[in-house]
Protein chains: 2
Amino acid sequence: MNIQPNPKAAILTEIMLAVFRMQGRLLKKGDELVKPLNLTSAKWQVIGAVALAGKPLSAPQIAEAMGITRQGAQKQLNKMEKEGFFERCPNPYHQNSPLYTLTDLGIRSFSDAMALETVWADGLVTDLSLQRLHETLQTLNVIHEQLDSPVPKKGDR
Amino acid sequence: MNIQPNPKAAILTEIMLAVFRMQGRLLKKGDELVKPLNLTSAKWQVIGAVALAGKPLSAPQIAEAMGITRQGAQKQLNKMEKEGFFERCPNPYHQNSPLYTLTDLGIRSFSDAMALETVWADGLVTDLSLQRLHETLQTLNVIHEQLDSPVPKKGDR
DNA sequence: CCTTAAGTGGAAACTAGTTGTCATTATGCG
DNA sequence: CGCATAATGACAACTAGTTTCCACTTAAGG
């Protein structure tokens, strides 16, 4: 099963696979969690981006906060505006690029989702120490930063 | 920024966000890495599932190994058969459900991808200890197992 | 046997994201 | 001011997965 010579690289491979598995599971669980609020994981993330910014954002700003393309964010925004989670308000710096504000419904949905998520998360971490969680987060962040650097060529090591 | 009362749950939330960010980055990097082999991350994963099993698998078996639905796996398989990575061979136990074998091209693609991945992974883990990586993997696995249990009700804690 | 339930492939509609193109709207520089 | 360039929204086509339905095979029970 383990064909890779470097044991650290082998574990990293398993971490990558764990990340894939977790992502799928998290999205599914998230969808279930916020379904009563008429939300999906994706919509929840859009609302979260604006709520955490604490001010109206344009579509490209939301995209950047979420780490997706501006077209992807725009798609969700167009739907969510019709569903009443957001309102457009004029952007003083760009007439063609409105800012998106959370409506009352949007604000309420976010705080409801946050409440659900807190209860859920509490139940997941009982077996793990704070120290352990900290280290894990830090490790993931280190790997994530490394992912920004280019793929090394064969002669580079 | 941190509105959650339980510090462990708050860190877990950040771990979840880190997992989302990493998943996106990993897929993008994976696509770049195996593009010279005429592969994508998704196809690489399908090939990997069969290669690691060491024997031909049916579509539902591949789906289970990958953690996706059988229809999702079938879609990739139908495409990849046309592209010459797989061959169908008759399933003695189910005439309607062929087994998928890697062709020479499929086998070669997998080992080439593995070689590329090893070089890449080596470069990502130089800053991290084996111990640290082990603990991270273990933590992720604990969280993943917890994700299988149902969302706790308000009275459960 | 026959019938029923489970497993399977195929196809369609859907979610969520991507890339690419086009027209319009800023922005900055000469 | 005017013009090249960047930013933006709209739209279309694509990837990768999901759910849902239908039809056919297989397995198990009476």
Side-chain angles (χ1 to χ4, degrees), chain A residues 20-32 34-35 38-49 56-83 85-86 88-100, chain B residues 20-32 34-35 38-49 56-83 85-86 88-100:
Chain A
F20 287 137
R21 283 193 301 271
M22 252 184 95
Q23 142 97 359
R25 203 61 65 90
L26 285 176
L27 284 183
K28 184 163 272 178
K29 282 285 172 179
D31 282 343
E32 290 171 23
V34 297
K35 190 166 188 178
N38 244 305
L39 288 177
T40 62
S41 292
K43 290 175 186 174
W44 179 13
Q45 277 181 270
V46 179
I47 290 181
L57 295 179
S58 70
Q61 287 172 327
I62 292 168
E64 174 156 13
M66 294 178 64
I68 63 176
T69 60
R70 75 191 161 79
Q71 292 90 333
Q74 190 77 56
K75 266 192 183 179
Q76 288 295 343
L77 285 167
N78 290 343
K79 274 189 282 185
M80 295 179 75
E81 191 198 352
K82 281 179 197 144
E83 292 168 338
F85 294 108
F86 285 103
R88 298 178 175 205
C89 61
N91 183 342
Y93 298 106
H94 201 306
Q95 109 181 33
N96 206 22
S97 184
L99 300 176
Y100 291 86
Chain B
F20 286 136
R21 282 194 302 270
M22 253 185 94
Q23 143 96 0
R25 203 61 66 91
L26 285 175
L27 284 182
K28 182 163 271 177
K29 283 285 173 180
D31 282 343
E32 290 172 23
V34 297
K35 188 166 189 178
N38 244 306
L39 288 178
T40 61
S41 292
K43 290 174 185 174
W44 180 14
Q45 277 181 270
V46 179
I47 290 181
L57 296 179
S58 69
Q61 287 172 327
I62 293 168
E64 174 157 12
M66 295 177 65
I68 63 176
T69 60
R70 77 192 161 77
Q71 292 88 336
Q74 189 76 56
K75 267 193 182 179
Q76 288 295 342
L77 284 168
N78 290 342
K79 274 189 282 184
M80 295 178 75
E81 190 197 353
K82 281 179 197 146
E83 291 168 340
F85 294 108
F86 286 103
R88 296 176 175 206
C89 61
N91 183 342
Y93 297 107
H94 201 306
Q95 108 181 36
N96 206 23
S97 184
L99 299 176
Y100 291 87

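A note on names: the letters A, B, ... follow the listed sequences, proteins ahead of strands, and every chain is numbered from 1. Side chains included, hydrogens not; waters and symmetry mates left out as well; all remaining heavy atoms used. Just so you know, these numbers come straight off a predicted model, no measurement behind them.
- The nearest whole Å value for the distance from the CG atom in B/L27 to the C1' atom in D/dA16 is 10 Å.
- A/Q74 and A/A59 make their closest contact through OE1-CB, 3.3 Å (heavy atoms, listed as atom of the first residue, atom of the second, distance).
- As rounded to whole Å, 15 Å separates atom C1' of C/dT15 from atom CG of A/N78.
- Per the geometry, CG belonging to B/L26 stands 16 Å off P belonging to D/dA16, to the nearest Å.
- For A/Q23, the CD atom counts as densely surrounded, since its 6.0 Å shell holds more than 12 non-hydrogen atoms of other residues, nucleotides or ligands.
- Checking B/D31 against B/S41 by side-chain atom types alone, a donor-acceptor pair falls below 3.5 Å.
- Regarding contacts with the backbone of C/dG17, a side-chain N or O of A/Q76 is found under 4.0 angstrom from either OP1 or OP2.
- Comparing atom distances between the B/H94 side chain and each of D/dT18, C/dG17, D/dT25 picks out D/dT25 as nearest.
- Note: OH (B/Y93) to C1' (D/dA28) measures 18 Å, nearest angstrom.
- Contact between A/I68 and A/A73 at its shortest, heavy atoms only, is CD1-N, 3.6 Å.
- Along DNA chain C, the nucleotide nearest B/K28 and the nucleotide nearest B/A59 are compared for position; the residue whose nucleotide lies closer to the 5' end is B/A59.
- Spacing between atom CG of B/D31 and atom C1' of C/dT19 amounts to 12 Å, rounded to whole angstrom units.
- Here A/T69 lies in heavy-atom contact (under 4.0 Å) with a base.
- Nearer to the 5' terminus of DNA chain C, by closest-nucleotide assignment, is the contact made by B/P60 (compared with the other of B/P60 and A/G72).
- For B/K75 and C/dA11, the NZ to C1' distance is 10 Å, given to the nearest whole Å.
- Applying the 4.0 Å criterion to OP1 and OP2 of C/dG7, one finds that B/N96 has every side-chain N and O outside that range.
- The side chain of A/T40 contributes an N or O atom lying less than 4.0 Å from OP1 or OP2 of C/dA16.
- Applying the 4.0 Å criterion to OP1 and OP2 of C/dG10, one finds that B/Q74 has a side-chain N or O inside that range.
- In the displayed structure, A/E81 atom CD is contacted under 6.0 Å by more than 12 heavy atoms of other residues, nucleotides or ligands.
- The distance from atom CH2 of A/W44 to atom C1' of C/dA16 is 17 Å, rounded to the nearest whole Å.
- One finds no side-chain N or O of A/Q71 lying less than 4.0 angstrom from the OP1 or OP2 phosphate oxygen of C/dG20.
- Both A/R70 and B/I68 lie near DNA chain D, and the one whose nearest nucleotide falls closer to the 5' end is A/R70.
- Proximity of B/K79 to the phosphate of D/dA16: a side-chain N or O atom is located under 4.0 Å from OP1 or OP2.
- Remark: P of C/dT8 and CD of B/E64 are 10 Å apart, rounded to the nearest angstrom.
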